[in-house]
Engineer: 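Okay, here's the structure, questions in a sec.
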Amino acid sequence: MNYRCNVCGFKGLDRPQYFEDKYPSFDICSCCGFQSGFDDDDQGYTFDSYRNKWINEGAEWFDKNRRPKNWDLRKQLKQINITLE
Ligand SMILES: [Zn+2]
């Protein structure tokens with residue numbers, strides 16, 4: 001079972017970012033590199049602010065080996081109802 005990242009929309013997490021909407025898994029998203037319980041805690045980001053930073057920096061994959069050949073950022077973001085300008 002794969003879980004979707006709330007930051008970038010990639011459905012490749014082994015566990016949800018938050019259990020019962022409360023406890024972070026600390027898993028790192030292969031796509032945007034967001035780590036629940038760290039980036040949104042120690043680092044002070046929200047899902048939205050981390051996403052904006054990631055996109056502004058070029059939306060690079062954290063684990064480039066997992067990047068699909070025909071990867072489409074816009075389509076992926078649509079899965080979490082985010083539309084790019
Ligand atoms: Zn992500």
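Just follow the structure's listing: the first ligand is 1, and inside any ligand the first atom is 1. Here the structure is a predicted model, which means the values were calculated and not measured.
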Engineer: Hey, what do you get for CD (Gln17) to CZ (Phe19), rounding to the nearest 0.5 Å?
Structural biologist: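 CZ of Phe19 is found 10.5 Å from CD of Gln17.
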
Engineer: Is the centre of the Phe10 ring less than 6.0 Å from the centre of the Trp61 ring?
Structural biologist: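 Under 6.0 Å, so yes.
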
Engineer: Near the Zn ion (ligand 1), meaning under 2.8 Å, how many protein N/O/S atoms are there?
Structural biologist: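 For the Zn ion (ligand 1), protein nitrogen, oxygen or sulfur atoms under 2.8 Å: 4.
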
Engineer: What's the verdict on side chain to side chain donor-acceptor pair (under 3.5 Å) for Arg15 and Ser25, showing C-alpha distance, side-chain angles and the deciding distance?
Structural biologist: CA-CA 7 Å; Arg15 303 186 295 172; Ser25 65; 4.7 Å; no

Engineer: Is any side-chain heavy atom of Asn2 closer than 4.5 Å to a side-chain heavy atom of Asp14?
Structural biologist: yes

Engineer: Cluster question for you: counting only ILVMFWY and a side-chain heavy-atom cut-off of under 4.5 Å, with indirect links fine, are Phe34 and Leu77 together?
Structural biologist: yes

Engineer: State, to 0.1 Å, how close Gln35 and Asp40 come at their nearest heavy-atom pair, and which atoms those are.
Structural biologist: O-OD1, 4.0 Å

